[in-house]
Amino acid sequence: MSETELSKAYDPTEVEQRWYRHWMDKGYFRADPASDKPPFSIVLPPPNVTGSLHLGHALTATIQDLLIRWKRMSGFNCLWLPGTDHAGIATQMVVERELKKAEGKSRHDLGREEFLKRVWAWKEKYGARIGEQHQVLGASLDWSRERFTMDAGLSAAVREVFVRLHEQGLIYREQKLINWCPSCLTALSDLEVEHEDAKGSLWHIAYPVKGSDQKLVVATTRPETMLGDTAVAIHPADARYLALHGGTVVLPLVGREIPIVLDDVLVNMEFGTGVVKVTPAHDHNDYATGKRHGLPMLSIFDERAAVNENGGAYRGLDRFEARKKIVAELTEQGLLVKEEPHALAIGRCQRCNTIVEPRLSPQWFVKVEPLAQKAIAAVEQGKTTFVPETWTNTFFSWMKNIHDWCISRQLWWGHQIPAWYPASGPKLDNGTLDFTKGTPVVSREKPGPTAENPSGEWVQDPDVLDTWFSSGLWPFSTLGWPEQTADLKAFYPTSVMETGHDIIFFWVARMMMMGLHFMGEVPFRTVYLHAMVRDEKGEKMSKTKGNVIDPLDVIRGAPPDALLPAVRNKFPKGMPAFGADALRFTLASLTQQGRDIKLSLERVNGYKAFANKIWNASRFAMMNLGDFRLGSGFVKDRPLSLADRWILSRLNKAVAGVQTALTAFQFAEAASIIYQFLWGELCDWYIELSKPALQGTDEAAKEASRAVLVFALERVMRLLHPFMPFLTEEIWQRLPFERPTESISIAPYPEANRKLDDPAAEAELEPIIRVIDAVRSIRGESNLSPALRVEAHVQSNDAKLRKALETWKSYLMPLAGLSALHVGSVGPKPPQAAAEISKDLEVYVPLAGLIDLSEERARLLKEIGRAEGELEGLKRKLSNQSFVERAPAEVVEKDKARVKELEVRIQKLQENLKRIAPLEVKVAPPAAGSVDLREELHSELAAAEVPTKPDEQVKEALEQLREGTKEGLTARDRQDLGVAYLQMGLVDDAVREFSKAKEGEAGEKATKAPAGKKSAPAKKSAPKAPVKKKAAAPKKAAARPAAKKKPAAKAPAAKKKPVAKKKPATKKAAPKKGKGKTRGR
RNA sequence: GGGCGGAUAGCUCAGCUGGUAGAGCGUCGCCCUUACACGGCGAAUGUCACAGGUUCGAACCCUGUUCCGCUCACCA
């Protein structure tokens, strides 16, 4: 294919495959720390190496690439740093699952070292895939700086941070009650526990008081934990239990004696019985209570949450079995007072959904509060801002109620904690070191001999760190910290942190704290938080639901068997290739949505069509440019036509609008501006208007339009490039002009240029567009074929306007489809002409002989109705004394002017209506032998059990209707009205309208009966009230005409059928009625 | 329970500092007009959740209500 020849339809797959490699080879995306351009940097939120990218990642990549490409083109030294996260629990679980499936082995079968080898292999494979996927999306990442959270450098940063925090007393090790997952067998941070509302029970259990036959009844949601009770608590002020202060109770089933303690924090006198069992080792509240009262902490579960040796007879039972057995035995002993339903929140493991069990164990913690202080202050001082700003409050409220962060995990995959225990320390039964007992030394490297451990033999803490601990360092660890690298100097703080709002606490907050603490400066200036991508129904995409959409499938297409069921249902023949550009544009357009983005593939398809439209506009340009080549001179130094000047002005507005929108992170707005400009202005108007010049013989005009066309396309390609990088590069490379750079991705981003603004041109073209619209509207409403040329008479008292119309007649003729144009001042009107009237323009199109004039009459009536409605409203407003007095003068003036305008307009419309000669009404005698319509309908309705009396509201509306003028209604209007009446069970009214319709139609046919479609009067004159009616009953009556086949639009025979039997003219009537039914009550 | 967001055309959403509502998709009608049928032209459609209040005037501001969603949270 030659350079100026494009295929008819745009093929994204073909084009997209070519460019990324090229961009990479040329190194356009590589950041330069030595550059003197201003820096702009973003670190990519590192995807987990667990698998492949989903649409959330695609959204992330799209927004960030948009920013980066925009800034890169705007002359910034851009760094967009890619990488992946080791994702401790998640990855370990995935690899374990695979190991089990493939080899039937557990990680323990392999041993730690061998297992980790497997995980690394996994990482290599999936890490690479994630990179490829980003390339398919067109993400302009600097691959030379790709990082992984467990790289040597980043691991060194982790150790450095750990040691320093420990030295500063901000990391400590302590035996505390933590969240434990009995399935993952590790501690979790508070954030990794997801609370879920559940229906449970509240069991009331009687605890016998020692030395009396009294019983204290406690209420609990977890009866099984009574095995670990070490006290019962009552409120010190509770009058009911004053006598029991200082007493003890005997723990049922166990027999242990436990004290009654007084605690006004734990106990709420109003709740339950006012007595609470205290299990410090298995409940966070009780833990605190235990601490306050110095109670023993008795753990009754092992690591898998089965009852341990402290549970006596229940030992070995799983926590849920234990509950059953305990409840049963309490019941047996008559100690279960009652069980009542109770709503509670259950904490589940974020990863495996197992119910979390509070567990007493030694763990490492970060003392967060001092770090949080700094982060709060930084945001308060505006050093970092949130977009949308509503997240600021969310950030504050979490930061201000922050608890210490448990960072140790009992996993293998991750950064092993740099703490060391003397090898000679206390041992467990199985001979291994008991880490719960030893005292560790925290050190960057394995320590040598010390006073406490003269042998110098150390064992490293087997635990690893919370994944988010290392992610929290990402903005500086990836830049080389703790080394003082050039990158760190050039690109920290980063400009924007862009990520999903779901990780504001997990990640954003932690980066803020770590960044401020170790770099003394915020990690990023702006935090842009995007929504979650859902499917089109707003449901979370998940593998189990089968509604996951793979971005790669969207981009490249996929055969049906590669799709998940829910997706395959929509694309039984497989998914078409929409292209990365279309997907990106869609995602950018959806960013204005709130907290969820509902991605519909229809939408993607719409933007694929947009890409195709752009392609074809360019194709049109190429086909009409000859050997033209745009030079570097100013585009306006040519004899420009009005359209030329106009599109340049519009283009400039679009450029300014996009700049403003992008600056404010309004990606959807920016996308919309470009879309509107390209399709709605460049394609719909400019290309059409410039065709005469481009295809004509005036060489100067041709040259000018060619220049403008290339100029506009080239510029808008650059404007669009951050959104659709592939398509724009392809077109940009093919356009004939002097390229200042070898790729669009490093060409300058367009900036508004005042010299292109041309309000005069916009004003001059405006009436021309209005006339074209007017004629098109008349044509459309009258169902005239686009091929049919018509004459137009345009009248105006504005000489300038008339002149513009005359001058640019060549615009009007083809676009409005005219055979002749007559321009003159307001005067005698052409006979039998359709009219469009506005304040300074009147457009007439003679229709005699072309169409049924009643159509035009209906149209005029509708117009009049509209104008009258508005006029009435305005008059009411203006007759209100206080409005005239108190509203700003300009507002009042505006309304007054509008009233005048409307009055003139209505008058003109009415004159016009008169000029279209009213039809002669011939009363057709009933055909011999025809059935009496009235009789027929009555019996039909009776069969359908239509209520004989309509309700009052409807009646009232009908009265008004009967009184109101129905003059000027067409046969079709009458018929619609009849159908409406019929649906209300008003046979007599219906019959009257039907016969009038019949008369009318008989008359109209004399001219030419069209295949009508209008139904406005029926809707207009029977407003609101009938809609409210419970129209359920006349279903059958309504259904009957509707069930009839719609008359084939072109079959004239259909029109001759008796009116009442015809399908009601509008299909719209049906949904409208349906709506009325549901809304009516 | 606290906090936050949402309720606008059939669907998904815009609507800035209050002046009687817009887009895209879809729908309907006419068209294969030599860039594009992934297209052109035209049309229809809204008690702006409900109830009060402020105001000359409210989709917008205030109060309350109802639904929906998110999020945080130790009432056993």
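Labels below follow one simple rule: chain letters A, B, ... track the order of the sequence lines, proteins then strands, and each chain is numbered from 1.
Note: CD1 (I234(A)) to P (rA76(B)) measures 20 Å, nearest angstrom. As a whole-Å value, the separation of N612(A) CG from rC38(B) C1' is 5 Å. Regarding D773(A), its CG atom lies at a distance of 13 Å from the C1' atom of rA43(B), rounded to whole Å. Rounded to an integer number of Å, the gap from CD1 of I402(A) to P of rA73(B) is 11 Å. The distance from atom CG of L587(A) to atom C1' of rC13(B) is 15 Å, rounded to the nearest whole Å. As a whole-Å value, the separation of N616(A) CG from rG40(B) C1' is 13 Å. Look at CE on M532(A): it is 17 Å from P on rG6(B), rounded to the nearest Å. Atom pair F386(A):CZ and rU71(B):P shows a separation of 17 Å (rounding to whole Å applied).
If you check every strand for non-hydrogen atoms under 4.0 Å, T394(A) touches nothing. F610(A) comes within 4.0 angstrom of no nucleic acid atom, judged by non-hydrogen atoms across all strands.
For rA76(B), neither phosphate oxygen OP1 nor OP2 lies less than 4.0 angstrom from any side-chain nitrogen or oxygen of T273(A). Phosphate proximity of rG40(B) to W685(A): absent, as no side-chain N or O sits under 4.0 Å from OP1 or OP2. OP1 or OP2 of rG40(B) lies within a sub-4.0 Å distance of a side-chain N or O belonging to K613(A).
A residue-by-residue look at A621(A) and L202(A) shows that A621(A) has its nearest nucleotide of RNA chain B further toward the 5' end. The 5' end of RNA chain B is approached more closely, in terms of each residue's nearest nucleotide, by E669(A) than by the other of E669(A) and A611(A).
A salt bridge links R348(A) to E196(A): one of the charged nitrogens lies within less than 4.0 Å of a carboxylate oxygen. Salt bridge annotation for E781(A)-R776(A): absent, with no cationic side-chain nitrogen under 4.0 angstrom from a carboxylate oxygen.
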For this session: In sequence, state the C-alpha distance, the side-chain angles, and the governing distance for R222(A) and E357(A), and then conclude on salt bridge (charged side-chain N to carboxylate O under 4.0 Å, His left out).
Result: CA-CA 11 Å; R222(A) 297 200 61 194; E357(A) 186 63 45; 3.0 Å; yes
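Taking the centre of each ring, F395(A) and W391(A) stay at or above the 6.0 Å mark.
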